2 protein chains.
Amino acid sequence: MSDDEQRGRGAASVHRVGGLLGDLQAADDQPVAPRRRADAERNRAQILAAAEQLFAQQDPRTVTMDRIAKAAGVGRATLYRSFPDPSSVAVALLDEHERRLQGQLIYGPPPLGPGAPAGERLAAFYLAMLDLLERHLPLALGAETGPARFRTGAYGFWRVHVRTLLVDHGIQDPDPLIDIALSPLSPELYQFQRHELGLSTERVGRSLADFARQLLRSGE
Amino acid sequence: MSDDEQRGRGAASVHRVGGLLGDLQAADDQPVAPRRRADAERNRAQILAAAEQLFAQQDPRTVTMDRIAKAAGVGRATLYRSFPDPSSVAVALLDEHERRLQGQLIYGPPPLGPGAPAGERLAAFYLAMLDLLERHLPLALGAETGPARFRTGAYGFWRVHVRTLLVDHGIQDPDPLIDIALSPLSPELYQFQRHELGLSTERVGRSLADFARQLLRSGE
DNA sequence: ATGGCAAACGGACAAGGTGTCCACTTAGCC
DNA sequence: GGCTAAGTGGACACCTTGTCCGTTTGCCAT
């Protein structure tokens, strides 16, 4: 899993939107890629490690490129070579954690993987995402600034998954519903529910699971 | 309606969270308030007018205090006297438009106002909000930066309304569901659906209305 | 009507962030 | 072991942010 960090630069996560599934088990051989130099690799690792600290320590929305570079002990231009802005660093860090869940959704056992009714799968997906949010909220919040989370490769993956569930369930016009169904997973929203309203993870999770089952009810 | 602009400074919308309903028909007499000077009033109007232009012209997330001040023809400190940041200017502008809908939700005819089943009222609310978003998307996007939209007085109002509907319908634990039910109305999300995915207002609206009815189905 | 005073104004300032550029360093291949 | 290009990091010019403070101006009492 830590090997995954080496796959592509920060900006690459944007390109992943096209080849979502194929990317899951992509071999580590680089077809024509000019190969990364060892010092660049080392710097990238330092940057990611330092950034993870920073996002956890302070308000994730206030983390700057300048701060990350200083914390990682590299120059500003070196940082810019790998990432265009702070949120793309957070996206790269999140990617690693999200990839495990992505695999479970496709190949794992039900109800997360195939085999369960759509409503149950959606409920399980919500709970898994909630767990991810709970454990990596600072990163999720940091990833949201800028062009927002809708353009990340991960979001594209969730869209494909939810669309499958909606179609499975026989929804007439699934496309506008996809993002509606994903909207309760907004990091900002979760942060508000947990730390402003003081709701427990369990309470939010129960509501979300009920919500999923109600949305994709068998007795349509 | 244009008289409403004079009620309180920008920061005041934050305080509204407490007295949501009473504020709806608050008389214009100021109990102990020290009274606003005429030149301050004039400047405030100039600021709001200039800001509305700016938010519509460029990416609402890139509007700065500096730009607003220059466009309004006032000094920076004058602007800061009324508003702490650009998003609060957008909030103040939005407030005016939202207040009409707030009145309709309480006193208006069904299905927006009281009298219709909860599912129908939620569907009508969604459609009305969508209409608001469609007409004032730049402002809505501009209002989202910073501490996010969850802290605005308007959001507090929507929460109260939706909670009423959920309780009416007999939902067990309504509180975590409130913000889940409101999440599809995120301006960022609507912008993505409309201008990135190219979905029509009608299609999104139909999905949202179906979604509302499914969520609060009579045959619970 | 006029003079005093507090509210309001707006330019200026220091601090800090952003991208980019370019001279230097260094890894990797011949 | 030297060549070459990728990689590095400090510096630069520009912009934004809040705040401070000397000046102006509306409002009220006289």
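By convention in this document, chain letters (A, B, ...) are assigned in the order of the sequence lines, proteins followed by strands, and residues within each chain are numbered from 1. Note that this is a predicted model, so its numbers are computed, not measured.
- Salt bridge absent: B/Arg149 and B/Glu188 never bring a charged side-chain N and a carboxylate O closer than 4.0 Å.
- In this structure, CZ of A/Arg42 is placed 10 Å from P of C/dT26, rounded to the nearest angstrom.
- Listed by chain and number, the residues in a salt bridge (charged side-chain N to carboxylate O under 4.0 Å, His left out) with B/Arg159 are B/Asp179 (sequence neighbours excluded).
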Footprint string (nucleotides 9-19 of chain C, 5' to 3'): B base within contact, S backbone only, - free, heavy atoms under 4.0 Å: SBBB----SBB
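- With respect to A/Glu134 and A/Arg194, a salt bridge is recorded, a charged nitrogen being found less than 4.0 Å from a carboxylate O.
- For A/Glu196, the side chain to side chain donor-acceptor pair (under 3.5 Å) partners two or more places apart in sequence, or in a different chain, are B/Arg151.
- One finds no salt bridge joining A/Asp210 and A/Arg206 here, because no Lys/Arg side-chain nitrogen approaches an Asp/Glu carboxylate oxygen to under 4.0 Å.
- Atom C1' of nucleotide C/dA8 and atom CD of B/Gln46 are separated by 14 Å, given to the nearest angstrom.
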